[in-house]
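These notes concern the structure reproduced below.
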Amino acid sequence: MKENYQEDSQLKRGLSNRHMQLIALGGSIGVGLFYGSSSTIQLAGPAVLLAYLIGGLVIFTIMRALGEMAVAEPVSGSFSKYANKYVGKFAGFLTGWTYWFMWIVVGMAELTVVGVYINYWFPDIPQWVTALVVLVVMTLVNLANVKMYGEFEFWFAMIKVVAIVAMIIVGLCIIIFGVGNNGEPMGLSNLWEHGGFMPNGLEGLLMCFVLVMFSFGGVELVGITAGEAKNPSSSVPKAINNIVWRILIFYIGALGVMMAIYPWDEVGSSGSPFVQIFDAIGIPAAAHIINFVVITAAVSAFNSGLYGSGRMLYNLALQNQGSKVFKRVSKNGTPVRGILFSSAMLLIAVVLNYVVPEQVFTYISAVATVAVVTSWTIILITQIKFRKAKSKEEVSALKFKMPWHPISSYIALAFLLMVVVLMAFIPGMRVALFVAPIWFLILYIGYKLIKIKR
């Protein structure tokens, strides 16, 4: 075995700037936009555009906080290692394992989703078979080398981006030129008619923030990839600065077009909002096109999750906060054992595929939201501590400084706290507020046991 692994070796820097751009973009644009956007629209109406704008600004703040540290210290595992160094060992332990847990939970959901959508075309194929095939193929992709993972994710994310851009262009043709509407332009009046721009008031706007922030989960993968970027001092700032406005354009642009064409209370009433758009101009294969796009979106998100979870286990092992077996890296620079362990955990999704009721997906979203909000919170706290640990000379030498520090960090922290509080008022999300303390308690006990053993 020793000839195939290197103890304590480093990961390979095989990710280019284009890889990093699409990895972060692909991680944060998934099934939630294609099929789940109708839920946020029903909560807030056209005001959901304002929610995505505000949420996007908060995400930009979080990403700049992470970027400041990632450019200064580009390591795989990123924010877990920074938390371990600048906040405390338990903070690093909590962040690393919670982030790993988040991707495992999300990965289980994505595997099941792929099975459901494949059944749209091939109803006789059992869902567990599809889930197993996707799990095996994506595991092999991740085991090869980081460049192969980057290429796969680049092209799968590109499919999602092209689909969204096509939908926006088609929608604008309907709005401006009346294509598919007997040549009569639709205009933008649907955005303020049917109850106004904010039909459900401030309460509706606030409630949709929970789902909006969940949809942004995955954008922090830029920090994870910093340890394998070819030129992190250049590629990380570019990826962070570009990713946020691109996400805002895709989300706000796509949802704005949808609600301009259809009254907000009709969006998603007969299937996917995207299918409605393509159906409007008479494309008979609309449902098949969107089904293909959603499958690639789910596989892409699963691929990113497996990548992130394997790297986080590697980082935890380097910090002596996980098993030493995860510290070994293959000759091509891949943390093979971390990936295989994560895949083994994801195998549970294959086993449970028949018995998972639909309501579980809401619970999974809730748990994943708490997990990612925990990671974002610790990123912001760590950046504040990171700055305090630096001298004036070191701060002035930072290449990618956090704007409006520390006020921006405190505003973002207050917003994340508000999101957690709002979860208590959404029945399907409330379960996460019970799961989270149990998970944190398990981690605390595990941390103490590791210290005793050491």
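One is the number of the first residue; the rest follow in order along the sequence.
Remark: the backbone N or O of Asn119 is not paired with any side-chain donor or acceptor of Gln127 at under 3.5 angstrom. The backbone N or O of Gly92 sits nowhere less than 3.5 Å from a side-chain atom of Gln319 that would complete a donor-acceptor pair.
Between the CZ atom in Phe326 and the CZ atom in Phe341 there is a gap of 4.5 Å [rounded to 0.5 Å]. Here the CD1 atom belonging to Ile41 is positioned 6.0 Å from the CE atom belonging to Met258, to the nearest 0.5 angstrom. Between the CE atom in Met312 and the CE atom in Met102 there is a gap of 9.0 Å [rounded to 0.5 Å]. To the nearest 0.5 angstrom, Arg430 atom CZ is 9.0 Å from Ile426 atom CD1. With values rounded to the nearest 0.5 angstrom, Leu347 atom CG is found 12.5 Å from Ser342 atom OG. To the nearest 0.5 angstrom, Tyr99 atom OH is 9.5 Å from Ser309 atom OG.
Under the 30°/60° scheme for interplanar angles, the aromatic rings of Tyr52 and Phe216 are found to stand perpendicular. Between Trp97 and Trp100, the ring planes are perpendicular. Angles over 60° get that label, and only those under 30° would be called parallel. By the 30° and 60° cut-offs, the orientation of the rings of Phe415 relative to Phe209 is perpendicular.
Phe152 has its side chain within reach of Met138: a pair of non-hydrogen atoms, C-beta onward, lies under 4.5 Å apart. Here the side chains of Lys388 and Tyr86 are not in contact, with every heavy-atom distance at 4.5 Å or above. You'll find the side chain of Leu398 reaches within 4.5 Å of the side chain of Phe386, heavy atoms only. A 4.5 Å side-chain heavy-atom check between Thr369 and Met213 finds every atom pair outside the cut-off. Using a 4.5 Å heavy-atom cutoff, the side chains of Asn320 and Lys327 are in contact. Residues Thr98 and Val370 form no side-chain contact, since every pair of their non-hydrogen atoms from C-beta on lies 4.5 Å or further apart. Between Pro335 and Leu313 there is no side-chain heavy-atom pair separated by less than 4.5 Å.
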Legend entry - Ile339 and Thr139: CA distance, side-chain angles, deciding distance, side chain to side chain contact (heavy atoms under 4.5 Å, CB included) verdict: CA-CA 7 Å; Ile339 292 170; Thr139 300; 4.2 Å; yes

Inset, instruction - Would you please test Ile125 and Trp121 for side chain to side chain contact (heavy atoms under 4.5 Å, CB included) and show each step? - result: CA-CA 9 Å; Ile125 297 179; Trp121 289 324; over 6 Å; no

Inset, instruction - Please report the C-alpha distance between Ile411 and Thr61 in whole Å, then the side-chain angles of each, then the deciding distance to 0.1 Å, and finally whether the side chain to side chain contact (heavy atoms under 4.5 Å, CB included) criterion is met. - result: CA-CA 9 Å; Ile411 292 174; Thr61 301; over 6 Å; no

Inset, instruction - Just do the side chain to side chain contact (heavy atoms under 4.5 Å, CB included) check on Tyr82 and Val87 with the steps written out, would you? - result: CA-CA 8 Å; Tyr82 305 145; Val87 181; over 6 Å; no

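Residues Phe93 and Tyr444 keep their aromatic ring centres 6.0 Å or farther apart.
Taking all atoms of both residues into account, the shortest heavy-atom contact from Ser304 to Glu153 is OG-OE2, 3.2 Å. Closest heavy-atom contact between Ala297 and Lys160: CB-CD, 3.4 Å. The minimum heavy-atom distance between Leu49 and Gly256, with the atom names listed, is CD2-N, 3.6 Å. Nearest heavy-atom pair across Ala51 and Leu205 is CB-CD1, 3.8 Å.
Taking the side chain to side chain contact (heavy atoms under 4.5 Å, CB included) definition, one finds that Trp404 meets it with Ser408, sequence neighbours left out. Every residue two or more places apart in sequence or in another chain that forms a side chain to side chain contact (heavy atoms under 4.5 Å, CB included) with Ile445 is listed here: Leu441, Leu449. Among residues two or more places apart in sequence or in another chain, the side chain to side chain contact (heavy atoms under 4.5 Å, CB included) test is passed with Leu43 by Met207, Cys208, Leu211.
Residue Lys401 places its NZ atom among more than 12 non-hydrogen atoms of other residues, nucleotides or ligands, all under 6.0 Å distant.
With hydrogens and angles left out, the side-chain atoms of His405 and Gln383 include a donor and acceptor closer than 3.5 Å. Side chain to side chain, Ser80 and Thr95 fail the donor-acceptor criterion of an N or O pair below 3.5 Å.
A salt bridge links Glu73 with Lys390; the closest basic N to acidic carboxylate O contact falls under 4.0 Å.
When the options Thr374, Val373, Ile379 are evaluated for a side-chain contact (heavy atoms from CB on, under 4.5 Å) with Thr377, the one that passes is Val373.
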